Amino acid sequence: MESIHPTAEAGGFLASDFVRNTSFILDNGSEVIDIVFLCEFDKGEPYVKSPDEVDAVYWMTTDEILDSPMAPIWLKESIQEAELLRKK
C-alpha cells in the first residue's frame, strides 16, 4: 500500500506511513475498525476531541505501552509493527 504524502497534515501530525489495518469485536460487542499510521508529531497540544469515545490522551513511549497492563493486545501489536517500520 502506498504511504500518504508526508505533508498531509492531520491534527498536529504529519501522516507518514501506513502500518496496518484490522477489525475486531470488543467484549461489549462493539465492532472496531483499527487503521494505524506511523506519524511524525508536528505541533499542537493533544486533547480529547470526542469525550463520549475517548476518556483521556496520554504521551507514552513504546516501552511504556508494551509494559502497561492497561494497554489492550491490539494496541500493543500495532505499536510493535509501527516500531519495526520506524526502525527501517
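Position 1 is the first residue of the sequence; numbering continues from there. Source: prediction; values computed, not measured.
The list of side chain to side chain donor-acceptor pair (under 3.5 Å) pairs with a residue in residues 18-31, not counting sequence neighbours, reads Arg20-Ser78, Arg20-Glu81, Asn28-Ser30.
Note that CD of Glu77 and CG of Leu66 are 10.5 Å apart. Values are rounded to the nearest 0.5 Å. Summarising the geometry, atom CD1 belonging to Ile73 is positioned 7.0 Å from atom CD belonging to Gln80; distances are rounded to the nearest 0.5 Å. The OG1 atom of Thr61 sits 8.0 Å away from atom CG of Asp67, with the distance rounded to the nearest 0.5 Å.
Applying the side-chain contact (heavy atoms from CB on, under 4.5 Å) rule to Val54 yields the partners Val48; only residues at least two apart in sequence or on another chain are considered.
Ile79 and Phe24 fall within the same hydrophobic cluster, defined by Ile, Leu, Val, Met, Phe, Trp and Tyr side-chain heavy atoms under 4.5 Å apart, directly or through other members. Note: the hydrophobic cluster containing Leu75 also contains Val32 (ILVMFWY, side chain heavy atoms under 4.5 Å, direct or indirect links). Hydrophobic clustering (ILVMFWY, side-chain heavy atoms < 4.5 Å, transitive): Leu84 and Ile35 are in distinct clusters.
Shortest non-hydrogen contact noted between Ala82 and Val19 is N-CG1, 3.7 Å. Summarising the geometry of Ser68 relative to Lys76, their closest heavy-atom pair is O-NZ, 3.0 Å, with the distance given to 0.1 Å.
Atom CD1 of Ile33 has 12 or fewer neighbouring heavy atoms from other residues, nucleotides or ligands inside a 6.0 Å radius.
Side-chain contact check for Leu85 versus Phe18: every heavy-atom pair is 4.5 Å or farther apart.
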